[in-house]
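Naming: A, B, ... by sequence-line order, numbering from 1 per chain. Only heavy atoms go into these numbers, but all of them, side chains included; no hydrogens, no water, no symmetry mates.
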Amino acid sequence: DYLTMNSSRCAACKYLRKRCPSECIFSPYFPPNNPQRFACVHRIYGASNIGRMLQQLPVYLRAQAADCLYYEAQCRIENPVYGCVGMISTLHQQIFSAQEQLAKVHAEIALINNAYTQQGSSQFQQFDGLLSDLNNFPMESMDTSNQVPWCL
Amino acid sequence: MKGRILLSLESLFLVSKGPTIFQVLLSHFMASNSPCASCKLLRRRCTKDCIFAPYFPSNEPLRFATVHKVFGASNVSKMLQELPIQQRADAVNSLVYEANARVRDPVYGCVGAISLLQNQVSQLQRQLAVAQAEILCIQMQQEPNFPIFVDPDEKSLVLCANNFSNSSQFFGNDSSGYVNQDPLKRESLSA
């Protein structure tokens with residue numbers, strides 16, 4: 001039984017240097033072949049918080065929760081100031097930028113369609129100036145680099 | 001009674017031309033007498049060097065309570081100590097944000113928001129590609145000798161003049177470097 005205990009302890013119990021009972025809350029989600037996974041979440045959340053958070057969830061949701069906690073812990077270790085909130089900021093900026101680009105392209109399509117439904121290509125030339133204005137619109141003036149989610 | 005004493009002591013600052021030594025000591029006493037939210041919750045003395053005090057004022061008890069519930073006070077303290085002072089406010093704000101997200105969604109936390117935003121980015125990228133293809137299609141219709149260029153290495157637009165139909169066939173994307181990671185498939189930290 002001592003041999004079984006030692007060879008099949010989960011990463012959490014190995015890290016915490018305690019025995020791993022059969023009903024260990026960590027063992028399904030922190031297998032012994034990935035010690036870094038538990039070390040990472042332990043560093044950010046602590047074992048008791050992880051255990052409590054998993055206990056409060058139904059069993060079928062715990063794997064997803066453990067994965068998300070690991071992901072957030074990794075982000076926090078990589079970026080100690082913003083953690084995964086930094087990624088949320090970046091994504092907000094990308095969405096804003098993409099929406100701007102899309103609006104410009106739609107406006108361009110509307111202009112082109114309008115030009116070609118008029119009398120032939122001579123009308124199109126009148127819109128050349130408008131098209132070049134759209135292309136030169138200074139998107140970089142929309143500086144969202146200082147926006148973080150708690151300011152949005 | 002305590003409130004009346006404090007009020008009368010504060011009035012000393014208004015009457016005098018400058019703070020006396022007594023007033024300086026008194027303000028120090030008054031400051032350290034009102035514990036921050038973390039020391040209130042942890043039931044300990046709030047010293048003037050308290051690492052939490054600047055970021056968890058006593059009038060926002062829920063802010064620290066949420067962070068403590070998810071991360072634990074000692075972990076937060078360790079994280080803040082490892083950061084320069086000028087970065088701690090942002091770090092606390094992001095921890096509060098993450099903790100609130102975790103309390104609202106105990107399974108996915110912030111990762112739920114990240115997934116949603118990534119889907120939104122992908123959707124917008126697709127819409128943009130369709131719209132750009134539409135422009136090319138319109139231009140091709142007007143100029144039958146429009147050049148066809150294929151560059152699979154750079155993943156640029158591949159056009160087939162004979163079969164191209166409006167907004168339905170396109171390949172590739174632009175190279176603007178959008179974040180496109182599946183959060184749950186990340187296996188290890190980058191170096």
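If you measure heavy-atom distances from Arg52(A) to chain B, the contacts under 4.5 Å come from the side chain alone. Neither the backbone nor the side chain of Arg88(B) has a heavy atom closer than 4.5 Å to any heavy atom of chain A. Interface remark: Ala131(B) contributes backbone and side-chain atoms alike to the contact with chain A (heavy atom separation under 4.5 Å). Interface residue Leu117(B): backbone and side-chain heavy atoms are both found under 4.5 Å from chain A. Contacts between Leu57(A) and chain B at a heavy-atom distance below 4.5 Å involve the side chain alone, from C-beta outward. Looking at Leu69(A), both its backbone and its side chain come within 4.5 Å of chain B, counting heavy atoms on both sides.
Shown here are the side chain to side chain contact (heavy atoms under 4.5 Å, CB included) partners of Gln55(A), two or more places apart in sequence or in another chain: Ile25(A), Arg62(A). Residues passing the side chain to side chain contact (heavy atoms under 4.5 Å, CB included) test with Gln123(B) are Arg126(B), Gln127(B), sequence neighbours excluded. For Gln86(B), the side chain to side chain contact (heavy atoms under 4.5 Å, CB included) criterion is met by Pro84(B), not counting sequence neighbours.
Using a 30° and 60° split on the angle between ring planes, Tyr45(A) and Phe71(B) fall in the parallel class, below 30°.
Put simply, the side chain of Arg9(A) never gets that close to the backbone of Pro21(A): no donor and acceptor are under 3.5 Å apart. Remark: side-chain polar atoms of Ser115(B) are not paired, donor with acceptor, to backbone N or O of Gly112(B) under 3.5 angstrom.
Ranked by heavy-atom pairs shorter than 4.5 Å toward chain B, the options Arg43(A), Gln99(A), Glu72(A), Met53(A) are led by Glu72(A). The choice from Met79(B), Glu98(B), Glu82(B), Gln87(B) that makes the most heavy-atom pairs within less than 4.5 Å of chain A is Glu98(B).
Of the listed residues (Asp105(B), Val111(B), Ile114(B)), just one forms a side chain to side chain contact (heavy atoms under 4.5 Å, CB included) with Cys68(A), and that residue is Val111(B).
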For a side chain to side chain donor-acceptor pair (under 3.5 Å) check, start with the C-alpha distance between Gln36(A) and Tyr70(A), then their side-chain angles and the critical distance, and finish with the verdict. CA-CA 10 Å; Gln36(A) 183 261 350; Tyr70(A) 176 46; 2.7 Å; yes

Before giving the answer on side chain to side chain contact (heavy atoms under 4.5 Å, CB included), spell out for Leu91(A) and Gln118(B) the whole-Å C-alpha distance, their side-chain angles and the decisive distance to 0.1 Å. CA-CA 7 Å; Leu91(A) 288 167; Gln118(B) 282 179 336; 3.8 Å; yes

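The CD1 atom of Ile44(A) sits 7.5 Å away from the CG atom of Asn75(B) when rounded to the nearest 0.5 Å.
For residues 52-62 of chain B, heavy-atom neighbours of chain A at less than 4.5 Å comprise no residues at all.
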